[in-house]
Peer 1: 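Dropping the structure in here first, questions after.
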Amino acid sequence: MDMNQRWQRPLPDDRLTPYIEIDADRLESNLQTMQEKASRAGVALRPHIKTHKSLYIARRQRSLGACGITVSKPGEGEVFIHGGERDILLAYPVIRADSIAQLLTLAAQHQAKVTLIVDAPYGIAAIAEALRQQPDADVGVAIKVDVGLHRIGVDPHRDDAVRLAQAMQAARLRFAGLVSHAGHAYGAGNRDAIAEIAQQEARLMQQVQGQLRAAGFAYCPVSVGATPTALAAPVADGTDEIRPGNYALLDLTACRLGLSRVDELALSVIARVVAVNRHFIIIDAGSKMLSSDKGPHGTSASGFGVAVDESGTCYEISKLSEEHGFIARQDSAPRVGTLLRIYPNHSCAVMAQSDSYVLRHADGRAERQSIDARGRFL
């Protein structure tokens with residue numbers, strides 16, 4: 001990471017630290033840029049809200065043109081239905097009917113559309129059972145395709161998708177198309193390699209779509225989702241929807257992959273120096289604030305973030321304990337009480353650990369916003 005770039009310094013502030021700060025202008029620019037890319041390509045944008053878990057940000061995404069949202073867990077979906085969202089994709093496999101019972105009840109009460117995913121027959125059985133208990137819910141079911149991450153999804157080189165679609169038909173479930181997540185793009189290392197993964201994903205999805213259409217499933221939209229592929233490559237022909245999430249805030253991982261500039265990073269953590277000794281500069285943000293994540297999907301950085309002091313000097317955070325961060329001592333050190341702005345490796349992991357963030361406007365105004373779906377793991 002180039003420490004000589006123009007990193008944003010912390011602004012004077014007497015509020016207690018540590019806290020998350022989001023730059024309102026950078027956030028808005030990131031949201032607009034992705035929406036414009038989707039609109040130019042003629043595809044729907046369904047952002048993944050696991051990055052920010054914020055009703056405020058989701059409403060900004062919707063107001064700019066997003067067709068709905070993607071969530072990771074049913075509990076997140078419940079928060080966002082209560083918050084006014086009416087078109088939700090749950091991008092997580094369902095294996096138990098009771099895991100989605102409350103979500104479907106809320107969806108029926110609020111006339112919200114829910115799309116679920118499956119990659120195995122037991123998922124179909126679980127969803128069918130849930131719908132027997134809540135028949136008024138508006139539910140579609142998409143098939144997840146494994147395009148290279150090897151986490152969840154059917155093998156695109158077999159006929160599993162066709163057999164699942166036929167099983168859905170027999171269970172009287174509404175087939176909603178195909179979804180994928182090329183998360184392995186985070187490990188590709190550079191923009192060109194990520195763009196190649198995006199092309200491979202498109203080829204595999206078109207291959208599976210062709211199988212389904214040949215089997216009589218004429219309606220088979222394709223939804224793909226990953227910030228690296230969305231930033232590194234044009235939207236592939238044949239794509240109907242994109243589902244990036246991290247693009248809203250960005251982080252050091254995006255910078256290391258050549259997908260973002262430092263001046264596009266919307267999220268940072270404001271921390272304070274609490275001790276200086278001959279070994280380390282100690283700050284009040286540890287793993288409970290910054291997370292110990294060195295990057296999504298196994299990517300790895302040398303440290304736990306870049307800290308910038310009031311003079312513009314940059315430091316790498318070398319290790320973390322739960323409540324403290326450690327910066328290796330240099331020739332000069334900031335005094336105790338100095339504010340630092342920290343850019344973390346992975347913005348999603350940081351947002352998941354706090355109850356709120358400070359939205360900072362260009363004129364210096366700051367407002368506190370809730371991280372509404374924080375802690376929703378079920």
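If you're wondering where the values come from, they're calculated on a predicted model, not measured in any experiment.
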Peer 1: May I ask you to test the Q200-E196 pair for a side-chain heavy-atom distance under 4.5 Å?
Peer 2: yes

Peer 1: Taking only residues two or more places apart in sequence, or in another chain, which ones meet H181 in a ring pair (Phe, Tyr, Trp, His ring centres under 6.0 Å)?
Peer 2: H297

Peer 1: Can you confirm whether T253 sits close enough to K294 that some side-chain heavy atom of one is under 4.5 Å from a side-chain heavy atom of the other?
Peer 2: no

Peer 1: Within the 4.5 Å heavy-atom criterion, are P156 and Q211 side-chain neighbours or not?
Peer 2: no

Peer 1: Does any non-hydrogen side-chain atom of I143 lie less than 4.5 Å from one of V208?
Peer 2: no

Peer 1: State whether the number of non-hydrogen atoms from other residues, nucleotides or ligands found under 6.0 Å of Y92 atom OH is greater than 12.
Peer 2: no

Peer 1: Hey, can you pull the donor-acceptor pairs under 3.5 Å for the side chains in residues 169-177, sequence neighbours left out?
Peer 2:
{"residue": "R174", "atom": "NH1", "partner": "D138", "partner atom": "OD1", "Å": "3.3"}
{"residue": "R174", "atom": "NH1", "partner": "V139", "partner atom": "O", "Å": "3.2"}
{"residue": "R174", "atom": "NH2", "partner": "D138", "partner atom": "OD1", "Å": "3.0"}

Peer 1: Quick one: does R191's side chain have a donor or acceptor within less than 3.5 Å of a partner on G258's backbone?
Peer 2: yes

Peer 1: With a cutoff of under 4.5 Å between side-chain heavy atoms, which Ile, Leu, Val, Met, Phe, Trp and Tyr residues group with Y122?
Peer 2: I95

Peer 1: Does E76 come within less than 4.0 Å of K50, counting only side-chain N to carboxylate O?
Peer 2: no

Peer 1: Donor-acceptor pairs under 3.5 Å, side chain of residues 321-335 to any protein atom, not counting sequence neighbours: which ones?
Peer 2:
{"residue": "E322", "atom": "OE1", "partner": "K288", "partner atom": "NZ", "Å": "3.1"}
{"residue": "E323", "atom": "OE2", "partner": "K288", "partner atom": "NZ", "Å": "3.3"}
{"residue": "R329", "atom": "NH1", "partner": "N277", "partner atom": "O", "Å": "2.9"}

Peer 1: Hydrophobic clusters join Ile, Leu, Val, Met, Phe, Trp and Tyr when side-chain heavy atoms are under 4.5 Å apart, directly or via other members; which others share one with L16?
Peer 2: none

Peer 1: To which residues is V358 joined in a hydrophobic cluster, defined by side-chain heavy-atom contacts under 4.5 Å among Ile, Leu, Val, Met, Phe, Trp and Tyr, whether direct or through other members?
Peer 2: Y19, I270, L339

Peer 1: Would you give the length of the straight line joining atom CG of N30 to atom CG of D25, rounded to the nearest 0.5 angstrom?
Peer 2: 11.0 Å

Peer 1: Measure the OG1-NZ distance between T33 and K37 for me, rounded to the nearest 0.5 Å.
Peer 2: 10.5 Å

Peer 1: Sequence neighbours excluded, which residues qualify as salt bridge (Lys or Arg N to Asp or Glu O under 4.0 Å) partners of D98?
Peer 2: R96

Peer 1: Please list every donor-acceptor pair under 3.5 Å in which a side-chain atom of residues 106-117 meets a protein atom from a residue at least two apart or in another chain.
Peer 2:
{"residue": "Q111", "atom": "NE2", "partner": "A108", "partner atom": "O", "Å": "3.4"}
{"residue": "Q111", "atom": "NE2", "partner": "Q109", "partner atom": "O", "Å": "3.3"}

Peer 1: Check each of I69, I88, T70 against I49 using the side-chain contact (heavy atoms from CB on, under 4.5 Å) test, and report the only one that passes.
Peer 2: I69

Peer 1: R158: what forms a salt bridge (Lys or Arg N to Asp or Glu O under 4.0 Å) with it, not counting sequence neighbours?
Peer 2: D160

Peer 1: Using a strict cut-off of less than 4.0 Å between a Lys/Arg side-chain nitrogen and an Asp/Glu carboxylate oxygen, indicate whether R341 and D23 qualify as a salt bridge.
Peer 2: no

Peer 1: Would you sort out whether D284 and R272 count as a salt bridge (charged side-chain N to carboxylate O under 4.0 Å, His left out), showing the intermediate values?
Peer 2: CA-CA 6 Å; D284 59 3; R272 201 177 295 274; 5.1 Å; no

Peer 1: Does any donor atom in the side chain of R60 or S63 lie under 3.5 Å from an acceptor atom in the other side chain?
Peer 2: yes

Peer 1: Please enumerate all residues that pass ring pair (Phe, Tyr, Trp, His ring centres under 6.0 Å) together with F80, with sequence neighbours excluded.
Peer 2: none

Peer 1: In the hydrophobic clustering (ILVMFWY, side-chain contacts below 4.5 Å, transitive), which residues join Y219, or is it alone?
Peer 2: none

Peer 1: Give, for atom CG of L290 and atom CD1 of I317, the distance between the pair rounded to the nearest 0.5 Å.
Peer 2: 5.0 Å

Peer 1: Would you say the side chain of S302 lies within less than 4.5 Å of the side chain of E316, judging by non-hydrogen atoms?
Peer 2: yes

Peer 1: Does one side chain, of H52 or Q369, offer a donor that lies under 3.5 Å from an acceptor on the other?
Peer 2: no

Peer 1: Is a side-chain donor-acceptor pair under 3.5 Å present for Y357 with S54?
Peer 2: yes

Peer 1: For the residue pair R62 and D87, establish whether any side-chain heavy-atom pair is separated by less than 4.5 Å.
Peer 2: yes

Peer 1: Look up atom CG in D372 and atom OG in S356, then write down how far apart they are to the nearest 0.5 Å.
Peer 2: 10.5 Å

Peer 1: Test of understanding: clusters of I, L, V, M, F, W, Y form through side-chain heavy atoms closer than 4.5 Å, transitively. Do L149 and L231 belong to the same one?
Peer 2: no

Peer 1: Would you say the side chain of T227 lies within less than 4.5 Å of the side chain of H48, judging by non-hydrogen atoms?
Peer 2: no

Peer 1: Using distance only, find each side-chain donor-acceptor pair of residues 232-240 under 3.5 Å and give its atom names and separation, not counting sequence neighbours.
Peer 2:
{"residue": "T239", "atom": "OG1", "partner": "A236", "partner atom": "O", "Å": "2.9"}
{"residue": "D240", "atom": "OD2", "partner": "V222", "partner atom": "N", "Å": "2.8"}

Peer 1: Do the side chains of S260 and L265 get nearer than 4.5 Å, heavy atoms only?
Peer 2: yes

Peer 1: Measure the spacing between OH of Y186 and CD1 of I197 and express it to the nearest 0.5 Å.
Peer 2: 12.0 Å

